[in-house]
Amino acid sequence: MLYHSGLIRHLGNVDHGDTTTDFLPLERERGITIQSAAITFLWPPRTACSPGVEPKTVNLIDTPGHQDFRYEVDRCLPILDGAVCILDSVKGVETHTERVWKSAQLSKIPRLIYINKLDRDGASFRRSVLEAASRLQTFPLVCQIPWWNKDQFVGVIDVINQVGFRFSSTGALSQVSAESIAKENPSLRKEMEHARLSLVETLSEHDDTLMDEFLELEAGVPSASIKQAIRRLVLDGEARFAPVFAGSSLRNIGVQPLLDAVVDYLPNPSDRPELEVISGSKVCTLSQLLEQSLQKKKGHHHNQPPIVSLAHVFKVVDDPRRGMMSFARVYHGALGRHSHMWNSNIHSYEKTQSIIHVSANDYQEIQHLSTGQIGAMTGLKSARTGDTLLTFPGHPGQTAPEAFRSVRIKALKTPPAVAFIAIEPYTKTAEDKLEDALIRLTREDPSIRWSKDEKTGQLIVSGMGLLHLEVAKDRLLTHYKIDKDSVLWGDIEVEYSECLLASTAPHRNVYDRSLRDKNGKAACTVSLDPLEAHHHDTILESSVERDGNVIHIAIPLPAGTETSRLPFDPEMVRQQLLNGAIAGLARGPRRNAPVRRCHVDITFDLETDFFGTATTGGHITNAALHAVRGALKEAHEKGNIGVLEPFSRVQIHCPEEASNTIQHDLVSARGGQVTEVRKPEEDEMVDGGIDLSKVYVPPDPYDSVQSLRGSKKKTVRMLQIIGKAPLKEMMKYDNQLRSMTGGRHSLQLGPGPFELVTGPREKALDAGL
């Protein structure tokens with residue numbers, strides 16, 4: 001994309017490690033994307049634009065494809081206006097693709113589908129389209145079909161405009177007319193006509209404007225009308241329909257038409273639904289909030305906007321030259337250099353040193369960011385992923401205007417860690433350096449957590465999987481310059497958790513110790529319950545969900561009491577109690593592991609728990625921390641603390657003769673469960689989903705043409721085994737499968753739930769302590 005837009009002068013190759021957006025040494029070494037990278041370019045190039053036509057500005061964010069880096073993808077999704085979902089035509093829809101598609105659905109992001117790698121052996125455009133329909137639950141609008149010359153992939157057919165595109169080795173595009181295609185390949189010409197008619201019929205069933213044209217013109221519906229209909233169906237972000245395109249990025253086939261589709265079908269910022277914000281316990285649009293504020297304001301400043309700008313921090317990067325850079329998208333107004341910004345998540349002002357326009361690893365300082373733009377800011381000392389930044393007119397005071405003090409954009413939930421590595425420093429100097437590096441690393445990537453075992457001195461670093469922790473270790477060694485020989489590195493192991501099995505009685509804690517040589521006193525009462533479905537109904541109203549727990553905080557006030565007359569800020573106290581509860585749940589009493597699936601009810605009573613000036617923020621936080629720990633300790637003494645282990649969703653493609661052996665091993669030896677066994681190529685209607693018989697898809701060349709690479713071998717019937725199993729058993733399961741299938745298999749793992757450990761597995765776990 002960058003090459004064809006004219007931004008770079010040579011084509012990068014992920015296998016050669018010279019792509020622009022994969023610029024980290026480890027990314028180039030492994031040939032994978034580890035962190036998201038932002039880059040901006042124009043399309044079409046100015047040289048290709050007609051007189052008076054300006055190219056569109058495209059802000060591209062390249063995200064990882066490996067499941068261990070799903071948090072890196074999730075934190076970028078909410079700031080996107082559109083997305084291109086890339087499918088491997090050999091593997092089809094993978095487990096991680098399904099999960100990311102569902103995340104995009106939550107943010108209502110309009111999507112296109114690009115079926116890649118059609119030049120490879122075993123590629124199937126047909127199977128990929130049908131899997132997109134059945135597994136992603138979107139109706140494919142086939143806008144391109146592959147152009148095959150016998151079994152060679154040579155280009156793509158534009159179904160809408162009825163032309164073909166051939167590509168040179170450098171991606172240079174040449175257009176081939178329908179007449180030329182008819183002379184060379186009459187059957188392909190017929191398939192082109194059939195594809196266009198099917199597309200128009202599908203669109204006319206769901207778009208009244210196109211239906212009128214179709215009834216009048218039938219097959220002669222103009223191409224512009226078809227594109228407008230597709231855009232109307234795609235823009236709502238519900239993904240009921242998804243335009244499908246074909247290509248091979250490695251061979252530079254299909255890239256330019258895909259970029260044209262991005263411009264034609266995906267929205268610009270003004271096309272997107274209005275931003276929703278959270279103000280206290282209410283959810284409303286930003287315009288509604290601003291309108292309410294203007295109605296309340298009186299005097300000569302009535303016409304002055306109450307908010308100058310609003311931005312969302314979606315990523316923080318520790319740059320070796322510029323320090324911490326906070327990447328943000330502006331949703332309202334313009335964010336200028338040296339702005340004083342109110343961070344509504346931590347209730348404090350921060351000031352930027354500079355604003356930077358970022359293209360991969362190339363930086364350029366700019367004066368401001370306008371609505372819809374993405375950029376990086378330096379100088380923010382406390383901003384983290386998910387924070388909301390606001391600027392107000394005039395000079396900032398000690399705090400923000402009361403109406404906007406707690407306005408924030410809904411932040412991403414950090415998924416629970418599933419694996420950990422123990423690190424033991426040899427010296428105090430090495431320990432201090434490692435702790436400082438971990439503080440900075442976890443600010444970059446909140447899905448990495450760390451804690452210190454005071455008894456052993458070990459530092460426990462937790463992450464999303466084996467590869468995630470390997471990358472974290474490499475970053476500690478290379479970026480943060482931790483001496484490999486100054487610490488003892490343990491093996492990567494599975495992260496277990498603890499859970500509550502029964503409710504606890506209310507536990508009150510009075511914290512009256514001195515903090516930082518200052519006496520003080522605070523109290524609160526905590527009740528714990530096993531988390532149930534109905535607890536999630538109160539999250540936005542009065543509760544917060546964090547790390548798999550729901551924390552409800554109540555501050556009862558005497559009747560008729562106004563919050564403005566209280567001797568403390570209720571929102572600040574609520575945050576302090578929340579911090580204490582989170583810290584108390586970080587380590588359980590049974591295995592010193594995080595506690596999950598717990599509903600925490602905290603009550604802070606003005607009459608019994610507040611002691612005037614003696615009650616400081618630190619004492620309130622510690623009161624909540626010790627109350628939660630005390631309640632958990634009582635539950636453990638009664639045998640009401642269980643152990644949870646992470647499960648992985650498993651999909652295994654294997655020969656039929658090996659399926660029974662694999663199923664037996666998965667269930668009996670690994671403690672897993674098989675939920676379904678089916679043929680991947682089965683075209684079946686998914687319950688409540690899409691009728692695949694109504695989905696148009698062209699035949700693959702292998703359906704009628706024998707491969708020229710050799711005589712047909714005996715067909716091996718393949719089956720798909722779907723189930724779940726403990727992640728611990730799956731981390732190196734690929735090697736065991738190789739011996740059972742002779743290497744004729746593929747294993748796909750996806751994040752699964754935490755399951756309660758019972759029976760022999762629980763006894764074996766306790767014996768291993």
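Note that the structure is a prediction, hence the values are computed from the model and not measured.
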Just do the side-chain contact (heavy atoms from CB on, under 4.5 Å) check on I482 and I423 with the steps written out, would you? CA-CA 12 Å; I482 300 297; I423 311 173; over 6 Å; no
Could you walk me through whether E72 and K315 pass side-chain contact (heavy atoms from CB on, under 4.5 Å), step by step? CA-CA 9 Å; E72 183 72 12; K315 181 175 179 175; 2.9 Å; yes
Take R135 and T97 through the test side-chain contact (heavy atoms from CB on, under 4.5 Å) and record every step on the way to the result. CA-CA 10 Å; R135 296 177 62 179; T97 307; over 6 Å; no
Please step through side-chain contact (heavy atoms from CB on, under 4.5 Å) for the pair N509 and V526, ending with a clear verdict. CA-CA 8 Å; N509 181 268; V526 167; over 6 Å; no
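Between V494 and P646 there is a side-chain heavy-atom pair separated by less than 4.5 Å. W101 places a side-chain heavy atom less than 4.5 Å from the side chain of T138. Between V73 and P64, some side-chain heavy-atom pair lies under the 4.5 Å cut-off. Contact of the L459 side chain with the P425 side chain is registered, since non-hydrogen atoms from C-beta on lie closer than 4.5 Å. With contacts defined as side-chain heavy-atom distances shorter than 4.5 Å, the pair K481/K433 qualifies. Looking only at side-chain heavy atoms (C-beta outward), D74 and R99 come within less than 4.5 Å of each other. Within the 4.5 Å cutoff, side-chain heavy atoms of R111 are placed close to those of Q105. Contact of the D318 side chain with the Y480 side chain is registered, since non-hydrogen atoms from C-beta on lie closer than 4.5 Å.
Here the closest non-hydrogen pair linking S497 and R596 is OG-NE, 2.9 Å. The heavy-atom pair separating I641 from L500 by the smallest distance is CD1-CD1, 3.9 Å. Residues G463 and L469 come closest through the heavy atom pair N-CD2, 3.6 Å. Minimum interatomic distance between A472 and I448 (heavy atoms only, all atoms of both residues): CB-CD1, 3.6 Å. What you find for C654 and I721 is that their closest heavy atoms are SG-CD1, 3.8 Å. What you find for M731 and I492 is that their closest heavy atoms are CE-CG2, 4.1 Å.
Within the 3.5 Å criterion, the main-chain N or O of L528 finds a donor-acceptor partner in the side chain of T504. Formation of a donor-acceptor pair under 3.5 Å by the H479 side chain with backbone atoms of R475 is not found in this model. The main-chain N or O of T603 is never found under 3.5 Å from a side-chain atom of T525 such that the two would form a donor-acceptor pair. Under a 3.5 Å cut-off, the side chain of S668 and the backbone N or O of D665 do not form any donor-acceptor pair. Listed for the E350 side chain is a donor-acceptor partner under 3.5 Å among the backbone atoms of K381. Within the 3.5 Å criterion, the main-chain N or O of V93 finds a donor-acceptor partner in the side chain of E131. In this structure, the side chain of S279 does not engage the main chain of V407 through any donor-acceptor pair within 3.5 Å.
Distance CD1/I278 to CD1/I409: 9.5 Å, rounded to 0.5 Å. The structure places CZ of R649 at 14.5 Å from CE of M730, a figure rounded to the nearest 0.5 Å. Separating the CD atom in E498 from the CZ atom in R591 is a distance of 7.5 Å, to the nearest 0.5 Å. In this structure, the separation between NE2 on H552 and CD1 on I602 is 10.0 Å, given to the nearest 0.5 Å. Atoms CG and CG, from D387 and N345 in turn, are 4.0 Å apart once rounded to the nearest 0.5 Å. Separating the CD atom in Q673 from the CD atom in Q663 is a distance of 12.0 Å, to the nearest 0.5 Å.
There is a side-chain donor-acceptor pair under 3.5 Å between S462 and E495. With hydrogens and angles left out, the side-chain atoms of R738 and N735 include a donor and acceptor closer than 3.5 Å. Between the side chains of S348 and N343, no donor-acceptor pair of N or O atoms lies under 3.5 Å.
A search for side-chain hydrogen bond (donor to acceptor under 3.5 Å, both in side chains) contacts involving N579 returns Q575, not counting sequence neighbours.
Residue K473 qualifies as enclosed at atom NZ: its count of foreign heavy atoms under 6.0 Å is above 12.
A salt bridge is defined here as a Lys NZ or Arg NE, NH1 or NH2 lying under 4.0 Å from an Asp or Glu carboxylate O, and R590 with E762 meets this definition. Between R449 and D547 there is a salt bridge, since at least one side-chain N of the basic residue sits less than 4.0 Å from a carboxylate O of the acidic one. In summary, R761 and E755 do not engage in a salt bridge, as defined by a charged side-chain N under 4.0 Å from a carboxylate O. Classification of E545 and K413 as a salt-bridged pair holds, one side-chain N sitting under 4.0 Å from a carboxylate O. Under a 4.0 Å N-O distance rule, the pair E238/K108 qualifies as a salt bridge.
Because its NZ or CZ atom is not both nearer than 6.0 Å to the ring centre of Y71 and within 45° of the ring axis, R75 does not count as a cation-pi partner of that residue. Judged by the 6.0 Å and 45° rule, R670 forms no cation-pi pair with Y733.
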